[in-house]
Participant: 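Submitted below is the structure of interest, expressed as structure tokens.
These numbers were taken from a predicted model, which means no experiment stands behind them. Hydrogens, waters and symmetry mates are skipped; everything else that's a heavy atom, side chains included, is used. Each ligand, and each atom within it, is numbered from 1 in the order the structure gives.
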Amino acid sequence: MKTKAYINGKWVGNGKTFAVLDPFSGKQIARVSDLGKADAVKGIEAAHKAFPKWAAMPAIERSAKLVRMADLMEKRADQLTKLLTLEQGKPLTEAKGEILLGVHALKWLAEEGCRVHGYTQCDPDLNRSSLSLRQPMGVVSAITPWNFPSYVPLKSLAALAAGCTLVLKPAEDTPLSALALADLSEEVDIPPGVFNVIPCKHPKEVGEVLATHPLVSKITFTGSTEVGKHLLKLGASGVKKTTLELGGNCPLIIFEDADLEKAIQGALTLKFWNCGQCCNGINRFLVHTSICDAFIKKCVQKVKKMTCGSGFEPVDLGPLIHEKAKKKVDSLVREAVAHGAQEVFSSPQKGRLCAPIVLENCTPKMRISREEIFGPVVAIYRFRTEAEAISMANDTHYGLAAYFYSENLNRCLRVAKALEAGTVGVNTTGVYSITLPFGGWKESGIGREAGIVESLNDYCELKAISFGL
Ligand code: NAD
């Protein structure tokens, strides 16, 4: 397990460390280097120095290194899976899924790195010939969250595939999986300075350096809308290109003509993934009033059988990441119940675990309908008409993802167009793919990560070149 920072190809510390805790037991699992402003500057300077050579390397050579890194990751999948469960708490099967998703994504991004191109077109001026080029931007700062501590940092390696260099600050709760990526990068000879990882306990100061340093060309941030707005303001002083992957308040609509079994299966799988701690997880279940009682009955039957415990046991749900997360879930549920919601299912809550809760008769006025729950709570709202469902679904300042179930093709097309979200799942909740653009409308973000065009283009500057003939 690597616990020091990785800067300029070396494992370094500054004498200060912070504790990383097992979310299940609350016990310390490691002490990790706690870097400060000066170390962040060193990381940026190393990335700046490494940039010209990395950018000038033929794309196919860069790509080959990243593919080797992905191969090594696949070989070490079991070890990386355990590390991920240890620091984040999710069940081993989910953790393995995250690692293998990363392997596939890294291979795909590496291959896309060979296909970054501009275009030529007929110039209206016959005395001129023109073309456009995409060139890597330079140093990229990445700041990532704790809910997917391997996959989200890995996604930012798209910067490397595009020819940029990277300084990554992982979340303070889960820095170990990101450091494990740096370890893999060292083993496959990604040159010093190309990929730097700088963990720290208190992100404010390091974050400010990453967002404002003159040598940084781009910021990519995945995390809460609140912190994203703060970084956007900081970056504005240097007109930094910024990609923001932020919070969500995703609705799922189940229409009266849905295949109810299919809908429940899809809904509950996503709802309880990562113990409900997914940005594109379902926050609001909007169910047509004519099938709502049947939905609740079937939902409770399934939820009753779910098990919670250590991610190292064969359970459905691991712990929430920390006490603060648990308190937030408790307070949202209490507030909803105080305003008229009914708890149709809950079981005794033990320690750091948060067992599933099903609430019905929720209304848009409750806090639970406005804020990300980030926990295993099924909050159910009733609707009567399609127009009402669409209006309820869109009644939020977030717009990350939305889902619905209906067997009526015309309705599917109509509703898919009407929902205000970057991703829409029609009769499915399994929507994520590295090949599809992922990002949010409204306050859920700016820009896209993943996607055939977007994944690498957002790490490139576009240049128009004109030749006088
Ligand atoms: P967070 O915003 O608290 O933290 C995210 C990262 O920002 C961490 O690395 C943290 O250390 C850092 N950070 C916090 N304050 C900072 C500051 N002042 N300056 C610089 N950096 C700072 O979010 P979180 O609790 O780690 O993650 C959960 C949030 O992330 C949820 O809102 C979730 O929806 C969102 N998320 C979004 C996506 C997406 O793709 N849209 C993916 C995963 C998570």
Participant: By the definition salt bridge (charged side-chain N to carboxylate O under 4.0 Å, His left out), identify the one residue from Lys241, Lys218, Arg134 that meets it with Glu461.
Facilitator: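 Going through the options one by one, the only one that passes is Lys241.
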Participant: If I compare all heavy atoms of Leu317 with all of Phe272, which pair ends up nearest, and what's the gap?
Facilitator: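 Here Leu317 and Phe272 meet closest at CD2-O, 3.4 Å.
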Participant: The test is side chain to side chain contact (heavy atoms under 4.5 Å, CB included); show your working for Lys27 and Leu21 and say whether it passes.
Facilitator: CA-CA 5 Å; Lys27 292 193 179 133; Leu21 307 180; over 6 Å; no
Participant: Considering only the protein, which heavy-atom contact is closest to atom 28 (C) of ligand 1, and what is its distance?
Facilitator: Phe374 CE2, 3.8 Å
Participant: Only heavy atoms count here, so choose which of Leu246, Thr144, Val227, Leu244 is nearest to atom 6 (C) of ligand 1.
Facilitator: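 Among Leu246, Thr144, Val227, Leu244, the closest heavy atom to atom 6 (C) of ligand 1 comes from Thr144.
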Participant: Side chains of Glu343 and Ser346: donor-acceptor distance under 3.5 Å anywhere?
Facilitator: yes
Participant: Could you tell me whether atom 4 (O) of ligand 1 has at least one protein heavy atom nearer than 4.0 Å?
Facilitator: no
Participant: Starting from atom 32 (O) of ligand 1, locate the nearest protein heavy atom and write down its residue, its atom name and how far away it is, to 0.1 Å.
Facilitator: Glu372 OE1, 2.6 Å
Participant: Hydrogens and angles aside, do Glu111 and Ser63 bring a side-chain donor and acceptor to less than 3.5 Å of each other?
Facilitator: no
Participant: Which atoms of ligand 1 are found less than 4.0 Å from any heavy atom of Leu400?
Facilitator: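 Ligand 1 atoms under the 4.0 Å threshold to Leu400: 41 (N).
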Participant: Considering Tyr398, Phe221, Trp146, Tyr432 one by one, which has a heavy atom nearer to atom 25 (O) of ligand 1 than any of the others?
Facilitator: Trp146
Participant: Of all the atoms in ligand 1, which lie at a distance below 4.0 Å from a heavy atom belonging to Asn147?
Facilitator: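 Those of ligand 1 that fall under 4.0 Å from Asn147 are 43 (C), 44 (C).
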Participant: Among all protein heavy atoms in this structure, tell me which lies nearest to atom 1 (P) of ligand 1, with the distance rounded to 0.1 Å.
Facilitator: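 The closest one turns out to be Ser224 OG, 3.6 Å.
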Participant: Does the ring centre of Phe285 sit less than 6.0 Å away from the ring centre of Tyr403?
Facilitator: no
Participant: Find all atoms of ligand 1 within a distance of less than 4.0 Å from any non-hydrogen atom belonging to Gly247, and give their numbers and elements.
Facilitator: 32 (O), 34 (O)
Participant: For atom 13 (N) of ligand 1, which of the options Gly228, Pro203, Gly445, Ala450 provides the nearest non-hydrogen atom?
Facilitator: Pro203
Participant: Starting from atom 36 (N) of ligand 1, what is the nearest protein heavy atom, named by residue and atom, and what distance separates them?
Facilitator: Cys279 CB, 3.5 Å
Participant: Going by distance alone, is a donor N or O of one side chain under 3.5 Å from an acceptor N or O of the other, for Trp146 and Gln277?
Facilitator: no
Participant: Looking at Tyr6 and Ser185, what are the two nearest heavy atoms and their distance?
Facilitator: CE2-OG, 3.9 Å
Participant: Judged on heavy-atom distance to atom 27 (O) of ligand 1, which of Ala401, Pro145, Cys200 sits nearest?
Facilitator: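 Looking at heavy atoms only, Pro145 sits closest to atom 27 (O) of ligand 1.
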Participant: Give the residue, atom name and distance (to 0.1 Å) of the protein heavy atom nearest atom 35 (C) of ligand 1.
Facilitator: Gly223 O, 3.2 Å
Participant: Which atoms of ligand 1 sit under 4.0 Å from any heavy atom of His230?
Facilitator: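 Once the distances to His230 are compared, the set is 18 (N).
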Participant: Which protein heavy atom lies closest to atom 12 (C) of ligand 1, and at what distance to 0.1 Å?
Facilitator: Ile143 CG2, 3.6 Å
Participant: First locate atom CZ of Arg370, then atom CD1 of Ile368, and finally report the distance between them rounded to the nearest 0.5 Å.
Facilitator: 12.5 Å
Participant: Does the distance from a Lys or Arg side-chain N to an Asp or Glu carboxylate O, for Glu360 and Arg382, drop under 4.0 Å?
Facilitator: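 The answer is yes: the pair qualifies as a salt bridge.
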Participant: I want to know if ligand 1 touches Lys169 in the polar sense, i.e. an N/O pair below 3.5 angstrom.
Facilitator: yes
Participant: Decide whether a cation-pi geometry holds between Lys155 and Phe438; the criteria are a distance under 6.0 Å from NZ or CZ to the six-membered ring centre and an angle within 45° of the ring axis.
Facilitator: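 The answer is no, since Lys155 fails at least one limit relative to Phe438.
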Participant: Just jot down the ligand 1 atoms closer than 4.0 angstrom to any heavy atom of Glu172, in number order.
Facilitator: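 Under 4.0 Å from Glu172, ligand 1 has these atoms: 10 (C), 11 (O).
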Participant: Within ligand 1, which atoms have a heavy atom of Gly207 less than 4.0 Å away?
Facilitator: 20 (C)
